[in-house]
*Asks:* 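I am attaching a structure below and will ask some questions about it afterwards.
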Protein chains: 2
Amino acid sequence: MKKTAHAALEKLKSGGRRLTAARRAVIEALAEAEAPLSASEVLGILVKRGVGADRATVYRELEALSEAGIAVTVRFESRAARFELAGGAHHHHAVCVKCEAVSDVEADAELEAAERRIARRSGFKVLRHSFELFGLCADCR
Amino acid sequence: MKKTAHAALEKLKSGGRRLTAARRAVIEALAEAEAPLSASEVLGILVKRGVGADRATVYRELEALSEAGIAVTVRFESRAARFELAGGAHHHHAVCVKCEAVSDVEADAELEAAERRIARRSGFKVLRHSFELFGLCADCR
DNA sequence: ACCTTACTGCGACAATGTCGCATTGTCAAG
DNA sequence: CTTGACAATGCGACATTGTCGCAGTAAGGT
């Protein structure tokens, strides 16, 4: 198991949550994924691994992980929400509209500065933001 | 009718599209809205005005407007896509997580510069991006 | 007035969640 | 190790948000 998955489990336990097979499997699926996963993708992975989880369970689990700050929700253009573990550094995503590949984009200092500037101008207190790029990846362009 | 709505109709006509009651009503609804509208909100407005439009028609219309570049799609945290007329300057949105108010945020030159820098670093050709702020508006903070 | 075809309504269906309720499984206290 | 509390699960019904095919309607040029 990856370090991020381990840390996530620790964080959960210290929040009154219990360690179940489904939960462990969901976290591991997210930890091993290269890109944010949708609920149905997570469900597919669990099924492939022989962990029979219900659809509702997966949704509830993903919601619980988000609430606990262990996972973050991202929305691209498709309808389904996607989830990734919150372990690493703050980053954004570049989504290829042709091959659907998702690559991480490290947070840019100027970007954050621009956000603070915007917040100051408008009196808006920013809690979080979304910033995603859509276009063609190096292979598809 | 607002100027933006008028311009949108002109743009449509010069694209082989026809001017129907439903189309006119959808465009007017978007033109008069203070914030991006979801399909069901648009439908609600049409019904209130006595323009009996079918759900499928509204969806098709919004899609057509997006394809024509007359409307743009934005996604906040909720599931439904939202639409606004593309008339004005490029901008982003600040969404209050408490009162749900949406205010426009003018595009920031630094933001765009950061985007170009990111694109250059990664070999990614950016076609469009999303940037939305979530937090507390001046009234709710 | 007529033709072409864009547009519409209807109804079925699909994808993505959400919820209540009875049952099961965790885990820590005893 | 047993047991009690309650977190978590499975099941099934339902809601929301779209999508699609098809037959009928109507916009707009000729």
Side-chain angles (χ1 to χ4, degrees), chain A residues 8-30 36-47 49-68 70-71 73-83 100, chain B residues 8-30 36-47 49-68 70-84 100:
Chain A
L9 288 174
E10 287 305 308
K11 196 165 179 180
L12 266 179
K13 280 190 71 173
S14 67
R17 296 277 163 74
R18 292 173 183 176
L19 179 48
T20 66
R23 169 158 295 159
R24 182 191 290 272
V26 168
I27 292 175
E28 285 184 10
L30 291 180
L37 299 178
S38 67
S40 61
E41 285 167 349
V42 170
L43 183 56
I45 291 172
L46 298 212
V47 168
R49 290 198 182 179
V51 182
D54 190 74
R55 205 157 42 94
T57 299
V58 172
Y59 281 113
R60 283 189 281 233
E61 189 51 38
L62 290 171
E63 188 195 347
L65 292 177
S66 292
E67 259 174 31
I70 292 168
T73 310
V74 300
R75 283 178 181 274
F76 298 151
E77 311 224 285
S78 67
R79 248 195 306 159
R82 291 174 173 280
F83 302 83
E100 308 229 294
Chain B
L9 289 174
E10 287 304 309
K11 196 165 178 179
L12 267 179
K13 280 188 70 173
S14 68
R17 297 275 164 75
R18 291 173 185 175
L19 179 48
T20 66
R23 170 157 294 160
R24 182 191 291 272
V26 168
I27 293 175
E28 285 184 10
L30 291 181
L37 299 178
S38 68
S40 62
E41 285 167 348
V42 169
L43 184 57
I45 291 173
L46 297 211
V47 168
R49 289 197 183 180
V51 182
D54 190 74
R55 204 158 43 95
T57 298
V58 172
Y59 279 113
R60 282 190 283 234
E61 189 51 40
L62 290 170
E63 188 195 346
L65 293 176
S66 292
E67 259 173 31
I70 292 168
V72 296
T73 309
V74 299
R75 284 178 180 274
F76 298 151
E77 311 224 285
S78 67
R79 249 200 304 161
R82 290 176 173 278
F83 302 85
E84 66 182 353
E100 307 230 292

*Asks:* Has the side chain of A:Arg60 got a donor or acceptor atom sitting under 3.5 Å from an opposite partner on the base of C:dG17?
*Replies:* no
*Asks:* What is the nucleic acid contact for A:Ala39, judged by heavy atoms within less than 4.0 Å: base, sugar-phosphate only, or nothing?
*Replies:* nothing
*Asks:* Rounded to whole Å, how long is the line connecting atom CG of B:Leu65 with atom P of C:dC7?
*Replies:* 10 Å
*Asks:* Would you please confirm or rule out a distance under 4.0 Å between OP1 or OP2 of C:dC7 and any side-chain N or O of B:Arg23?
*Replies:* yes
*Asks:* Pick base, sugar-phosphate or nothing for B:Ala81, based on heavy-atom distances below 4.0 Å to the nucleic acid.
*Replies:* sugar-phosphate
*Asks:* Between D:dT19 atom C1' and B:Glu61 atom CD, what is the distance in whole Å?
*Replies:* 16 Å
*Asks:* Got B:Lys11 and B:Arg17 here, is their nearest side-chain heavy-atom distance under 4.5 Å?
*Replies:* no
*Asks:* What about B:Arg79: does its side chain form a donor-acceptor pair under 3.5 Å with the base of D:dT17?
*Replies:* no
*Asks:* Expressed in angstrom and rounded to an integer, what is the separation of B:Leu19 atom CG from C:dC7 atom P?
*Replies:* 10 Å
*Asks:* Check A:Leu30 against A:Phe83 and note the closest heavy-atom contact, atom names and distance.
*Replies:* CD2-O, 3.5 Å
*Asks:* In whole angstrom, what separates B:Phe76's CZ from D:dT16's C1'?
*Replies:* 19 Å
*Asks:* Indicate whether OP1 or OP2 belonging to C:dT8 is found under 4.0 Å from a side-chain N or O atom of B:Thr20.
*Replies:* yes
*Asks:* Can you figure out which of D:dC20, C:dG17, C:dT8 approaches the side chain of B:Ala56 most closely?
*Replies:* D:dC20
*Asks:* Would you say D:dC6 has OP1 or OP2 under 4.0 Å from some side-chain N or O of A:Arg18?
*Replies:* no
*Asks:* For B:Glu41 and B:Pro36, work out which heavy atoms get closest and say how close.
*Replies:* OE1-O, 4.1 Å
*Asks:* In whole angstroms, how far is the P atom of C:dG17 from the CG atom of A:Asp54?
*Replies:* 15 Å
*Asks:* Would you say the side chain of B:Glu84 lies within less than 4.5 Å of the side chain of B:Val72, judging by non-hydrogen atoms?
*Replies:* yes
*Asks:* Closest nucleotide of DNA chain C for B:Gly16 versus for B:Ala53: which of these residues is on the 5' side?
*Replies:* B:Gly16
*Asks:* Determine whether any donor atom in the side chain of A:Arg55 lies under 3.5 Å from an acceptor atom in the base of C:dG17, or the reverse, and answer yes or no.
*Replies:* yes
*Asks:* Could you tell me which non-hydrogen atom of B:Ala53 sits nearest to which non-hydrogen atom of B:Leu46, and how far apart they are?
*Replies:* CB-CD1, 3.7 Å
*Asks:* Do any side-chain nitrogens or oxygens of B:Thr57 fall under 4.0 Å of OP1 or OP2 in C:dC7?
*Replies:* no
*Asks:* Atom OH of A:Tyr59 and atom C1' of D:dT16: how far apart are they, to the nearest Å?
*Replies:* 12 Å
*Asks:* Rounded to the nearest angstrom, tell me the gap between atom CG in A:Leu62 and atom P in D:dT9.
*Replies:* 11 Å
*Asks:* Let me spell it out: for each of B:Arg17 and B:Ala80, pick the nucleotide of DNA chain D with the closest heavy atom. Which residue's pick is nearer the 5' end?
*Replies:* B:Ala80
*Asks:* Rounded off to whole Å, could you give me the CG-to-C1' distance for the B:Leu12 and D:dG28 pair?
*Replies:* 15 Å
